[in-house]
2 protein chains.
Amino acid sequence: MEEETELKPTRRTTIVTLSQKAGVAPSTVTRALRGDSRISTKTRERILGLAREFGYTPNALARTLSSGRSGLYGLVLGPSTNPFYTELLHEATAQAEALGVRLLIIHAGLGPIEERTAEALLQYQVDGCIISSAIMTSRASEICAANQVPLVMVNRVAMQRACAVTCDNRAGGRELAELLRSKGRRRIAIVRTSSTSSTSQEREDAFAASLAKDDLTLALRLDGHSTYDGGFEAGRTIAAMAPAERPDGVFAVSDIMAMGVLDAFRLAGVRVPDDIAVVGFDGLPSSARPIYDLTTIEQPLPLMIRRSFEILQSRSKDQNQPEEVLSLRGRLIVRGSSGA
Amino acid sequence: MEEETELKPTRRTTIVTLSQKAGVAPSTVTRALRGDSRISTKTRERILGLAREFGYTPNALARTLSSGRSGLYGLVLGPSTNPFYTELLHEATAQAEALGVRLLIIHAGLGPIEERTAEALLQYQVDGCIISSAIMTSRASEICAANQVPLVMVNRVAMQRACAVTCDNRAGGRELAELLRSKGRRRIAIVRTSSTSSTSQEREDAFAASLAKDDLTLALRLDGHSTYDGGFEAGRTIAAMAPAERPDGVFAVSDIMAMGVLDAFRLAGVRVPDDIAVVGFDGLPSSARPIYDLTTIEQPLPLMIRRSFEILQSRSKDQNQPEEVLSLRGRLIVRGSSGA
DNA sequence: AATTAGTGCGCACACGTTTGCGCAACGAAT
DNA sequence: ATTCGTTGCGCAAACGTGTGCGCACTAATT
């Protein structure tokens, strides 16, 4: 203990270290590094040289303390059973890297965001948080509101007051219904999910409304729990029906469920699209696999994430902006599963 | 500007705020909150009460600056095309939540960890970093070494000096080979990956070594690029062979490739396991789907992550511990794809 | 020669928390 | 009545950056 001042193993080089080497004040180093115009080019070059030489890396945490901006964004993901969230994570990571900010995983899975989880947002002073899937307990959203943490819900319209960026679920549902109707499908089932999310409901409502234009109603409504296994079970149920009364079209409100439906049909010998057409929603990369060849609506994920970051950055500058809900049109991808 | 002292919108309550309300020094508040025995129970209760009343949440960043520990762990993930990384993420997130620490996404994808990316580890003063999949540029690993950032490679043995936690790939490869041999399979193909990772090579080596005991050699070696699509292509190649010379067994060194192989066989009408047996490696949840019913080795992911955190925490206390490489036995799961 | 208008930089404090040290007050033991 | 140990707490510095203000110096204008 007595010798600790001697043993200190080459501490990290900081702005203070550099200021001593350069014989200037720490504030000069800060400004030189940030390109402040008040510092002469000569001094700046010298300091930049020293910074490189001694391998200086700024301490983002200290900067946060001083400036208030952390460069950290929270990310809340849904369960691992839906690859959509994996796509979202990768897209968000890539964009964060490009923006020079970092993502903090706040939560991943099914359950709601608890108070304890929400506090992490404050503890690490995040500049904002992207929430997909999960809902917040009212206490958790109170905490965020009270502390001015900008939030944006992705693929979900908030129950609470909050910004949201979603795919246009109604337009997508309508397009898929129109497609099935145009192919002459008349007995149509839906595999939906009964979670608290708005997404499934919107897709179903618009789908059913479009069917109604041909005086059709949904022949069957099954719950697929937003999982492959749930879709598979639903598919087995449909496949087990007598061919005469079996639907000739299925809309699974998410691709992962559609994949389960398709595999169940395949195992049961129900032919797609001859016996029954199948359409999904999300545009997962795996929906393009030849084995599925699934007709679906592709969510514009890159743009959705981009807009999310824009909203967060804008709101962290001025917290009092009105909330905005953004709906982006998806792209219909017609593949073999819906029939020729 | 003149009025800004008036307009300050109820700043977040800090330790200083609390100390004023309680009429004590900030240091007393700190100690009371942390349960220091030197503070009287009465004072502590009073301060805890105020903390609740005013919704105090500690500022983790300021704490880091002062104490050196951030409670942040970096996480580097592989590409979204392999669900294994999704499982890893969710397991790591769940355990981090239980440990009261947070995960910072450092990188997700194929490319190596660049210098710029590695710097994020320093900027946010992470207590350690879990690296799966990616390799680091030598410059990046120099940076981490120089700044004493504890690293642990998961599912990968480091080229550079570093700790690692992996599944016992050799034992797994051997077990799978023994299984196929015991089922009488004699012409065996492997779908591997030529990346720089040690994992594929270890699995293949042990697999081939076991085959050699029956004087068998690998009939075919294909590159599946660790993706479904790569596995699918490999499967098509195999399926296109004349039945007489076609292999009667395939080892795909990762489940995601095995799934591609299986689907290619299905589309080509090659029957599994009658015409050809298929085995994988990783134990992905999706390998259990009835449509795949894939025999595989399940990696003990929960334990792997637990040990990883233990290693990181231990090394952040004492950086000079020798490096350790931990190999955990996987579990053979025999399913239908390898034959009865 | 006196005023002005820059240019280049330093001083000092702030951000919120932790921590080593030390100081009062109090009861107990000499 | 002095010394001692204990309990309970405060002081002040430190962590690394950012920033408002102001000072010195030079050069251009009256």
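All values derive from a computational prediction rather than experimental measurement. Every chain is numbered from 1, with letters handed out A, B, ... down the list of sequences.
Here A:Val29 lies out of heavy-atom contact (under 4.0 Å) with every strand.
You'll find that the side chain of A:Thr30 is closest to D:dG18, out of D:dG18, C:dG22, C:dC9. Each of C:dG10, D:dG18, C:dC9 was ranked by its minimum atom distance to the side chain of A:Ser40; first place goes to C:dC9.
Distance NZ (B:Lys42) to P (D:dT7): 17 Å, rounded to an integer number of Å. Taking atom CD of residue A:Gln125 and atom C1' of nucleotide C:dT17, one finds them 12 Å apart after rounding to whole Å. Protein atom CD of A:Gln20 is 13 Å distant from nucleotide atom C1' of D:dG16, rounded to whole Å. Distance, A:Leu33 CG to C:dC9 P: 13 Å, rounded to whole Å. Atom CZ of A:Arg34 is separated from atom C1' of C:dG8 by 19 Å (rounded to the nearest Å). Atom pair B:Gln123:CD and D:dG18:P shows a separation of 11 Å (rounding to whole Å applied). A straight line from CZ of B:Arg38 to P of C:dT19 spans 11 Å, rounded to a whole angstrom. Distance A:Ile15 CD1 to D:dG16 P: 11 Å, rounded to the nearest Å.
Annotation for B:Ala92 and B:Ile305: closest pair CA-CG2, 3.9 Å, computed over non-hydrogen atoms. Taking both residues in full, the closest heavy atoms of B:Tyr124 and A:Gly71 are given as OH-O, 3.5 Å, listed atom of the first, atom of the second, then distance. Considering every non-hydrogen atom in both B:Ser316 and B:Asp127, the closest pair reads CB-O, 3.7 Å.
In the region residues 51-73 of chain A, proximity to DNA chain C at under 4.0 angstrom, judged on heavy atoms, holds for A:Leu65, A:Ser66.
Nearer the 5' end of DNA chain D, as judged by each residue's closest nucleotide, is the contact made by A:Val16, out of A:Val16 and A:Arg31.
If you take OH on B:Tyr56 and OG1 on B:Thr14, they are separated by 7.0 Å, rounding to the nearest 0.5 Å.
Between the side chain of A:Thr43 and the base of C:dC9 there is no donor-acceptor pair of N/O atoms closer than 3.5 Å.
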Quiz item: Can you check salt bridge (Lys or Arg N to Asp or Glu O under 4.0 Å) on B:Asp36 and B:Arg34, steps first, answer last?
Solution: CA-CA 6 Å; B:Asp36 190 306; B:Arg34 313 209 85 203; over 6 Å; no
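Put simply, the side chain of A:Val126 does not reach to within 4.5 Å of the side chain of A:Tyr73, judged on heavy atoms. You'll find the side chain of B:Val76 reaches within 4.5 Å of the side chain of B:Cys129, heavy atoms only.
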